[in-house]
> 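This is the structure, below, for whatever I ask next.
Numbering of residues begins at 1 and proceeds along the displayed sequence. Note that the structure is predicted; figures quoted are calculated from it, not measured.
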Amino acid sequence: MRQRTLSIIKPDGVSRNLIGKVIGRLEAADIKIMAMKMIKMTKEQAKGFYKVHEGKPFYESVTDFMSSGPSVVMVLDGDDVIKEYRKLMGATNYKEAEEGTIRREFATDIEKNVVHGSDSEENARFEINYFFNALEIPAQ
Ligand code: CMP
């Protein structure tokens, strides 16, 4: 099934010069980038993005981290791309991520895990619309 998902290269990925490495992996997996930009979230914007995690013990810390520097946000497109991209990323906790995944290879911490990907179609819609307006996403 053709889908879209939201990908973020997080501030640790950008500051550690991993943008090209992450994009190279998307290209090698034939996942198409439909839209892409670099942004720097405010604390408020990060809190809105991670609203589903409000109240969790890591909410303050992850929203500080996500607003600490620039990120690259992308809309990805492909067959079953939500699941396919999550496979490429590996588990949230890099220690549990499979060999060869982005997080296993590059993450340094459960929070500083280099990349984000939507976990469902509903969340993908919310997350894509959070960062991109209709003019920024090519019509299909
Ligand atoms: P992400 O997939 O972007 O979703 C929520 C983020 O919170 C997660 O990646 C991590 O960067 C961060 N985080 C920090 N601690 C935890 C935790 N214990 N469980 C899940 N996510 C965490």
Side-chain angles (χ1 to χ4, degrees):
M1 190 203 352
R2 183 92 178 269
Q3 287 177 330
R4 292 172 177 181
T5 194
L6 190 276
S7 159
I8 305 179
I9 304 175
K10 298 184 180 187
D12 59 328
V14 173
S15 67
R16 291 172 53 219
N17 300 337
L18 298 173
I19 297 173
K21 293 230 165 58
V22 172
I23 289 177
R25 287 183 178 229
L26 297 175
E27 291 180 338
D30 202 26
I31 291 176
K32 303 296 181 199
I33 301 170
M34 289 192 90
M36 173 164 70
K37 60 188 171 185
M38 185 175 269
I39 58 161
K40 183 174 184 296
M41 282 184 237
T42 63
K43 172 79 173 173
E44 286 311 306
Q45 286 166 337
K47 284 170 89 169
F49 179 73
Y50 279 125
K51 211 166 53 189
V52 291
H53 294 301
E54 198 171 353
K56 295 193 184 155
F58 57 86
Y59 184 63
E60 275 307 312
S61 172
V62 77
T63 51
D64 278 345
F65 165 57
M66 292 298 283
S67 56
S68 67
S71 301
V72 174
V73 288
M74 296 178 269
V75 180
L76 308 180
D77 174 82
D79 222 31
D80 219 8
V81 73
I82 294 175
K83 203 174 89 206
E84 291 303 313
Y85 177 53
R86 288 178 70 80
K87 261 198 254 166
L88 275 190
M89 289 194 299
T92 304
N93 184 349
Y94 73 105
K95 291 180 180 164
E96 290 162 13
E98 278 189 44
E99 207 66 58
T101 59
I102 295 169
R103 285 167 169 165
R104 177 64 175 260
E105 190 154 337
F106 301 116
T108 52
D109 182 300
I110 192 167
E111 181 174 275
K112 295 179 181 59
N113 60 358
V114 185
V115 281
H116 167 84
S118 314
D119 63 1
S120 67
E121 287 198 69
E122 190 189 345
N123 287 339
R125 263 192 301 277
F126 168 80
E127 294 180 0
I128 289 168
N129 292 330
Y130 196 78
F131 293 117
F132 292 91
N133 66 42
L135 288 175
E136 294 173 304
I137 304 172
Q140 279 188 315

> Is Lys37 paired with Glu136 through a side-chain N to carboxylate O contact shorter than 4.0 Å?
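Yes, charged N to carboxylate O under 4.0 Å.
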> Donor-acceptor pair, distance only, cut-off 3.5 Å: does the side chain of Arg104 make one with the backbone of Glu98?
no
> Any donor and acceptor pair, going by atom type alone, linking the side chain of Tyr130 with main-chain N or O of Gln45 inside 3.5 Å?
yes
> Answer yes or no: are there more than 12 heavy-atom neighbours, outside Lys21 itself, under 6.0 Å from its atom NZ?
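No, because the 6.0 Å sphere around NZ of Lys21 holds 12 heavy atoms or fewer from other groups.
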> Does any non-hydrogen side-chain atom of Leu88 lie less than 4.5 Å from one of Ile31?
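The answer is yes, as the side chains (C-beta and beyond) meet within the 4.5 Å cut-off.
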> Between CZ of Arg86 and CD1 of Ile102, what distance do you get to the nearest 0.5 Å?
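Arg86 atom CZ to Ile102 atom CD1 measures 12.0 Å (nearest 0.5 Å).
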> State whether the side chain of Arg4 and the backbone N or O of Ala124 hold a donor-acceptor pair below 3.5 Å, judged by distance alone.
no
> Within the structure provided, determine whether Leu76 and Glu84 are in side-chain contact (heavy-atom separation under 4.5 Å).
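A side-chain contact is absent here, since even the closest heavy-atom pair is not under 4.5 Å.
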> Is there a donor-acceptor contact under 3.5 Å from the side chain of Tyr59 to the main chain of Lys47?
yes
> Okay, side chain of Arg16, backbone of Phe106: is any donor-acceptor separation there less than 3.5 Å?
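Flag set: sc Arg16 to bb Phe106 pair under 3.5 Å.
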> Output yes when a side-chain donor or acceptor of Gln3 lies under 3.5 Å from a complementary backbone atom of Ile82, and no otherwise.
yes
> Rounded to the nearest 0.5 Å, what separates atom OG in Ser15 from atom CD1 in Ile9?
12.0 Å
> Can you tell if the side chain of Leu6 reaches within under 4.5 Å of the side chain of Phe49, non-hydrogen atoms only?
yes
> May I ask you to decide if Ser68's main-chain N or O and Lys40's side chain share a donor-acceptor pair within less than 3.5 Å?
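No, because the side chain of Lys40 does not come within donor-acceptor range (under 3.5 Å) of the backbone of Ser68.
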> Salt bridge check, Lys51 against Glu54: does any charged N sit closer than 4.0 Å to a carboxylate O?
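Not counted as a salt bridge, because no side-chain N and carboxylate O are separated by less than 4.0 Å.
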> About how many Å separate OG1 of Thr108 and OH of Tyr94, when rounded to the nearest 0.5 Å?
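Answer for the OH-OG1 pair, Tyr94 versus Thr108, is 7.0 Å.
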> Give the cluster check for Leu26 versus Met34: same hydrophobic cluster or not, with ILVMFWY residues linked at side-chain heavy-atom distances below 4.5 Å.
no
> Strictly below 4.0 Å, N to O, side chains only: are Asp77 and Arg2 in salt-bridge contact?
yes
> Say whether, by atom type as modelled, one donor and one acceptor occur between the side chain of Arg103 and the main chain of Val114 under 3.5 angstrom.
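Not confirmed, Arg103 side chain does not pair with Val114 backbone.
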> Looking only at side chains, do Thr63 and Lys43 share a donor and an acceptor under 3.5 Å apart?
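There is such a pair (donor and acceptor under 3.5 Å, judged by atom type) between the side chains of Thr63 and Lys43.
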> Do Lys56 and Val62 come close enough that some side-chain heavy atom pair is under 4.5 Å?
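Side-chain contact under 4.5 Å: no.
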> Report the relative orientation of the aromatic rings in Tyr50 and His116; use parallel for angles under 30°, tilted for 30 to 60°, perpendicular for over 60°.
perpendicular
> Which ILVMFWY residues can you reach from Ile110 by hopping between side chains whose heavy atoms are under 4.5 Å apart?
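Via sub-4.5 Å side-chain contacts, Ile110 links to none.
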